[in-house]
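Structure, as structure tokens:
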Amino acid sequence: MHKDVAEVLVSREEIHEKCIELGKKITEDYTAKGEIPLLVGLLSGSVPFMSELMKNIEMDICIDFMDVSSYDGTTSVGSIRIDKDLSTSAADRSILLVEDIVDTGKTLLEVKRMLANKGAKEVKVVSLLDKPERRTEDVVADYVGFTIKNEFVIGYGLDYNQKYRNLPYVGVLKREVYE
Ligand SMILES: O=P(O)(O)OC[C@H]1O[C@H](OP(=O)(O)OP(=O)(O)O)[C@H](O)[C@@H]1O
Ligand SMILES: [Mg+2]
């Protein structure tokens with residue numbers, strides 16, 4: 001375990017199993033409604049989860065990425081900045097947004113609004129983690145891997161000041177690292 005991790009919340013094996021389960025459910029749901037989703041990953045946090053999840057979706061999906069940022073250290077700055085927009089047209093597409101975590105919900109709410117403004121037919125969300133205690137916005141993910149307690153987590157895409165994204169598990173960051 002990394003020296004800055006207080007506790008492992010979700011192991012790499014649990015994430016692996018969850019991605020199989022979520023991929024199966026997403027395949028079934030989209031097959032049933034006859035839609036091919038455009039998977040949109042939010043950079044940078046969604047990268048490890050998206051790469052694991054997409055391998056378990058058995059349809060001819062397309063993928064794209066957006067880069068939006070809202071966090072400085074452990075603090076949500078309240079407004080989001082777009083650093084990279086979609087390369088594909090969102091018009092009339094069934095979009096499945098891929099997130100590492102839904103925390104306050106601000107990022108998700110803004111991105112959902114942007115995609116709706118671009119004419120997306122549907123915007124659903126799959127998130128590896130959900131931290132409902134911190135929610136300030138009325139927004140939910142349609143598919144959730146793990147619901148976690150209100151602690152700052154790192155690993156499997158999640159960072160603290162751009163560090164720890166490569167850890168193969170999700171862990172709680174030791175308070176002494178940021179206090
Ligand atoms: O629900 P919220 O309170 O909006 O927080 C969740 C968002 O914040 C983090 O992204 P961040 O802006 O830190 O960018 P990153 O993915 O590059 O780390 C995380 O990856 C989510 O996208
Ligand atoms: Mg971040």
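Note that the structure is a prediction, hence the values are computed from the model and not measured. All ligand and atom numbering here is 1-based and tracks the order in the structure. Computed over heavy atoms, backbone and side chain alike; hydrogens, waters and symmetry mates excluded.
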Exercise for review: Please check if any side-chain donor atom of Thr31 sits under 3.5 Å from a side-chain acceptor atom of Glu28, or the reverse.
Suggested key: no

Practice item. Show the numbers, then the answer: is there a salt bridge (charged side-chain N to carboxylate O under 4.0 Å, His left out) between Lys25 and Asp29? Key: CA-CA 6 Å; Lys25 179 87 177 93; Asp29 289 357; 3.1 Å; yes

Revision key, fill the gap. With heavy atoms and a 4.0 Å threshold, my read on which part of Asp100 contacts ligand 1 is side chain

Check your understanding: Hey, which N, O or S atom on Asp159 ends up closest to the Mg ion (ligand 2)?
Key -> OD1

Exercise for review: For ligand 1, note which part of Arg165 has a heavy atom under 4.0 Å away: side chain, backbone, both or neither.
Suggested key: side chain

Point to revise | Location of contacts on Leu43 toward ligand 1, heavy atoms closer than 4.0 Å | key: backbone

Practice item. Would you check if there is a donor-acceptor pair between the side chains of Tyr156 and Asp100 at a distance under 3.5 Å? Key: no

Study note, to complete from the structure: Logged contact type for Glu99 with ligand 1, heavy-atom cut-off 4.0 Å, is side chain

Exercise for review: Would you check the N or O atoms of Val102, main chain and side chain alike, for any that come under 3.5 Å of an N or O of ligand 1?
Suggested key: no

Review point. Atoms of ligand 1 less than 4.0 Å from Thr104 heavy atoms?
Key: 1 (O), 2 (P), 3 (O), 4 (O)

Review point. Hey, is ligand 1 close enough to Asp103 that some N/O pair sits below 3.5 Å?
Key: yes

Practice item. Using atom types as modelled and distance alone, determine if a side-chain donor or acceptor of Arg135 lies under 3.5 Å from a backbone N or O of Val139. Key: yes

Review point. If you measure from each non-hydrogen atom of Asp159 to ligand 1, which part falls under 4.0 Å: side chain, backbone, both or neither?
Key: side chain

Practice item. Give a yes/no verdict on a cation-pi contact between Lys18 and Phe146, requiring under 6.0 Å between NZ or CZ and the six-membered ring centre and an angle within 45° of the axis. Key: yes

Review point. Quick check: does any side chain N or O of Asp64 sit under 3.5 Å from a backbone N or O of Ser87, one acting as donor and the other as acceptor?
Key: yes

Review point. Going by distance alone, is a donor N or O of one side chain under 3.5 Å from an acceptor N or O of the other, for Ser94 and Glu35?
Key: yes

Check your understanding: Do Gly45 and ligand 1 have an N or O pair less than 3.5 Å apart?
Key -> yes

